Every structure is written in structure tokens, then in C-alpha cells.
Peer 1: 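Questions regarding the structure given below will be posed in turn.
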There are 2 protein chains.
Amino acid sequence: MPKRGMQPIRRHELVVAAVQAIHERGLNGVTMGDIAKRAGVSPALAHHYFGSKDELLSATMRHLLGEFALAARRRLAEAGDPRGRVDAILEACFAPEQFSPAVISAWLAFYMQSIHDTAAARLLAIYLKRLEANLRHDLRPLVGDGAPALARGIAAMIDGLWLHAALPTLHRSPGEALGILRDYVDGRLAVART
Amino acid sequence: MPKRGMQPIRRHELVVAAVQAIHERGLNGVTMGDIAKRAGVSPALAHHYFGSKDELLSATMRHLLGEFALAARRRLAEAGDPRGRVDAILEACFAPEQFSPAVISAWLAFYMQSIHDTAAARLLAIYLKRLEANLRHDLRPLVGDGAPALARGIAAMIDGLWLHAALPTLHRSPGEALGILRDYVDGRLAVART
DNA sequence: TATTTTTAATTGACTGCTCAATCAATAAAA
DNA sequence: TTTTATTGATTGAGCAGTCAATTAAAAATA
């Protein structure tokens with residue numbers, strides 16, 4: 001069996017498996033066995049490549065952050081005026097790549113983890129600060145001094161819509177979420193113009 | 001030691017302790033020992049009064065739901081016109097009683113639990129449906145057909161603001177959250193009037 | 001009133017299980 | 001022969017849940 005150069009492949013497989021496993025069992029409920037089984041390897045191998053459960057989960061979090069940053073950057077590169085750039089960010093948040101139930105669950109699990117885990121909190125804070133800074137920057141020409149508050153509101157609403165999207169009983173669609181967000185932004189822009 | 005009639009007192013103490021313990025260790029990280037210690041009793045007693053960890057956590061969730069329902073009802077009873085009633089709901093969400101860090105953490109932990117626990121999901125769905133129904137009812141005279149979408153947006157933003165309030169690194173205040181929410185509602189009302 | 005009996009509260013000690021982490025052994029590629 | 005991939009078996013810790021024993025209040029009885 002031993003083909004060489006497996007390390008990066010296995011690490012990626014395990015991280016992807018971790019996202020799924022977290023979705024089904026929760027961040028604290030998940031075991032190395034769950035993750036390894038889903039990746040088709042033994043629990044011992046997961047330890048071999050990550051050293052500890054903490055490290056695997058931490059790598060999973062960084063993976064999610066990285067994927068999102070990539071998606072956002074791609075969309076922003078193609079956007080034009082400020083309003084278009086704001087929309088690019090919103091779309092990145094609800095694009096199908098980001099928006100699978102498992103990915104949302106895992107994201108939210110890391111949010112919760114950040115409440116009592118300072119390492120996770122640091123990572124998440126960087127992401128949130130950057131998101132808000134981007135929004136603020138593009139909102140400034142649209143709403144002036146109202147930009148900081150609106151950016152915070154949008155960031156909060158994004159996370160709230162994610163939270164609701166993660167609850168199966170509510171069965172909300174990404175399209176609906178985007179509509180609600182756009183209504184919010186448009187409402188505030190209309191007020192700002194008067 | 002044995003004073004009689006301890007059951008309701010101990011149950012309440014344990015539920016309150018559970019909220020604190022969940023805040024510090026997370027829903028799945030928390031142990032009966034954590035909770036019992038914080039309540040000043042032995043782990044065995046917690047089992048005696050609740051039968052299982054699941055039952056204790058479930059009772060804790062029902063406690064939070066009940067407390068919020070009470071706060072909302074009180075405020076709604078004193079509210080006047082539709083806009084005032086909407087504001088009463090928003091204020092109930094960010095009132096200090098509801099808004100301690102521990103209480104928010106516990107709320108969010110139950111949200112996460114609902115992703116893979118159908119019993120929790122059922123309870124939470126009832127709460128969310130009722131919240132949205134109340135909002136929709138009072139928004140109808142203000143924005144007509146836009147009421148359902150706006151109600152969903154408000155509900156999502158409330159939860160997003162809670163989520164952000166739970167993250168210590170962001171240090172957001174309840175007052176700021178209320179301001180952002182009111183701006184959102186006012187923006188949509190202004191658009192609806194034109 | 002004095003006593004015995006019953007009942008509720010409470011805990012320490014124990015059990016069994018799950019799981020993270022370790023390690024020595026095996027297999028194959030280089 | 002060396003290096004890398006991989007696993008089965010094992011260890012040790014932590015925790016939910018059980019149970020028998022202890023204490024004291026309350027109720028019943030003498």
C-alpha cells in the first residue's frame with residue numbers, strides 16, 4: 001500500500017472528512033475514529049499526520065478560513081463599483097461552495113469554540129475584522145459615516161442567516177438569504193441618499 | 001443536612017449552574033461534575049434529580065426558552081402601536097436579564113445542538129416560529145407584503161448579533177446591537193412608505 | 001411528651017465504557 | 001538498506017451512571 005508522497009493528500013482528505021464529521025456529531029462530539037473512518041484510514045494515521053485531535057481541528061478551521069478568503073478574493077477581483085463590491089462579498093458568503101450544510105455547521109462550530117478557546121478566537125477575529133474592514137471600505141462612498149455601523153450590521157446578519165440555514169427545521173435557501181441581505185443594504189442606501 | 005422540599009430548589013440551582021458551566025466549557029465539553037461543583041453539590045445528586053445529563057441539559061434549554069418568553073410577554077403587554085410592539089420584541093432580546101455572556105453562550109450552544117439533535121431542534125423551531133409570527137403580525141401594517149421577509153431578516157440579525165456578542169474579542173454592547181437593529185427596521189420602513 | 005418509624009436528601013465509592021494517544025510491527029516503495 | 005505509510009493492540013484518563021450507606025427531618029405511635 002505505501003505509495004510515497006501521501007502526506008498532503010491524507011491531510012487534505014482528513015480535513016475534508018473532519019468537516020463532514022463535525023456536521024454530524026458536533027465539534028466536541030466528534031472523535032478521531034469518526035474522522036478517520038470517513039477518510040478511509042485508521043485513527044492511528046490521523047494522529048500520525050496531525051499529532052493530536054486539537055491540531056486536526058485547528059487545521060480544519062484554517063482550511064475553512066482559507067477557502068472563504070479565496071472565494072471572496074476571486075469575486076472581488078471581478079467586481080466594479082462599491083455597490084458591486086459589497087454584493088461580491090455577500091455572494092461569496094452564500095455561494096454553493098461555501099454553503100453546503102456541512103461547511104456551515106463546521107463554521108458555526110468554530111464560532112462557538114471561539115467563545116472559550118482563545119486560539120480559535122484569535123483566528124476568527126482576524127477573519128471578522130477583515131470582512132468588516134472590506135465592507136466598511138466599500139460602504140463609505142455609499143453611506144458615509146454610517147459605514148461602520150452598517151458593516152457591523154451586515155456582518156451580523158450574514159452570520160445570523162448562516163445560523164438559520166444550518167437548522168434543518170427552518171429549511172432556508174441561500175437565494176432567500178441573499179435577497180434579505182440585499183433588501184437590508186438597499187434600505188439603508190435609500191435612507192442615506194435622502 | 002436533609003431539609004425537605006429541596007427538589008425544586010436544587011433543580012433550579014443546577015439549571016442555573018448548567019448555564020454558567022456551558023458558557024465556560026461548551027455544551028459537549030461540560031460534565032456533570034462541572035455543573036454539580038458550581039451548584040455546590042455532588043455529581044450524584046445531579047443525577048438523582050435529573051436522571052441523566054441529557055435531561056439536565058434539556059431542562060436547561062427549556063429554562064432559557066421560558067425565561068425569554070416571559071420577558072417578551074411582559075414587554076409586549078406594555079407596548080402600544082405596531083412599531084412599539086416590534087421594538088418591545090427587540091428590547092426583550094437585548095435586555096440585560098437575557099443578555100449576560102453565559103446566557104448567550106448557552107442559547108447559542110442549543111442552537112448548535114439543534115443541528116444534529118432533533119429533540120432540541122423541535123423546541124428551538126417552536127421558539128423561532130413564534131418569534132417570527134409575532135414580528136410578522138406587527139410588521140404587516142407597516143410594510144404589507146414585505147412583512148414575512150423582513151421578519152426573517154430581523155430574526156436572523158438578532159441571532160447574528162447574539163453570536164457576535166458572544167465573542168469576547170469583538171466586545172460589542174447590547175446598546176450598539178439595538179441601534180443596528182433599529183436602523184435596519186427604520187430603513188425598510190422608510191422604503192415601504194415611498 | 002417521648003419513642004419509633006418512615007421518608008427525603010445527600011454523598012463516596014465503584015463500574016464500565018469511550019476515546020485520545022502511543023508504539024511496535026509490517027509492508028512497500030526508493 | 002533506508003525511508004515512508006499504515007495499522008492493530010494497548011494504555012491511561014475521564015466521565016456518565018449506579019448503589020449502598022448516612023443523616024436528619026417529619027410523621028406516626030405509644
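Within every chain, numbering begins at 1; the chains are lettered A, B, ... in the order of the sequence lines, protein sequences first and strands thereafter. All values reported here derive from a predicted model rather than from experimental measurement.
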Peer 1: Whether the side chain of A:Asp159 engages the backbone of A:Ala156 through a donor-acceptor N/O pair (distance < 3.5 Å, no angle test) should be reported.
Peer 2: no
Peer 1: Output the rounded distance in Å from NZ (B:Lys53) to C1' (C:dT18).
Peer 2: 13 Å
Peer 1: In whole angstroms, how far is the P atom of D:dG17 from the CD1 atom of B:Ile35?
Peer 2: 11 Å
Peer 1: Given C:dA8, is OP1 or OP2 found less than 4.0 Å from the side-chain N or O atoms of B:Tyr49?
Peer 2: no
Peer 1: Should the pair B:Arg11 and B:Phe50 be classed as cation-pi, given the thresholds of under 6.0 Å to the six-membered ring centre and 45° from the axis?
Peer 2: yes
Peer 1: Counting only side-chain heavy atoms from C-beta out, which of D:dA16, D:dT7, C:dA20 sits nearest to A:Leu45?
Peer 2: D:dT7
Peer 1: So that I can tick it off, tell me whether B:Glu91 and B:Arg74 are bridged by a salt bridge, with the cut-off set at under 4.0 angstrom between side-chain N and carboxylate O.
Peer 2: no
Peer 1: So which one's nearest nucleotide on DNA chain C is more toward 5', A:Gly33 or A:Ala44?
Peer 2: A:Gly33
Peer 1: Does a nitrogen or oxygen in the side chain of A:Arg10 sit under 4.0 Å from OP1 or OP2 of D:dT4?
Peer 2: no
Peer 1: Any base atoms under 4.0 Å from A:Ser42, or only sugar-phosphate, or nothing? Heavy atoms, all strands.
Peer 2: base
Peer 1: Counting heavy atoms from C-beta on, name the nucleotide in C:dT22, D:dA16, D:dT7 closest to the side chain of A:His47.
Peer 2: C:dT22
Peer 1: Tell me the interatomic distance from A:Met32, atom CE, to D:dT7, atom P, rounded to whole angstroms.
Peer 2: 13 Å
Peer 1: Roughly how many Å is it from NE2 in B:His48 to P in D:dA16, rounded to a whole number?
Peer 2: 18 Å
Peer 1: Which one, D:dT6, D:dA16, C:dA21, comes nearest to the side chain of A:Met6?
Peer 2: D:dT6
Peer 1: In this structure, would B:Phe99 and B:Val19 fall into the same cluster of hydrophobic residues linked by side-chain contacts under 4.5 Å?
Peer 2: yes
Peer 1: Which nucleotide wins on minimum distance to the side chain of A:Ser52, given the candidates D:dT7, D:dC15, C:dA21?
Peer 2: C:dA21
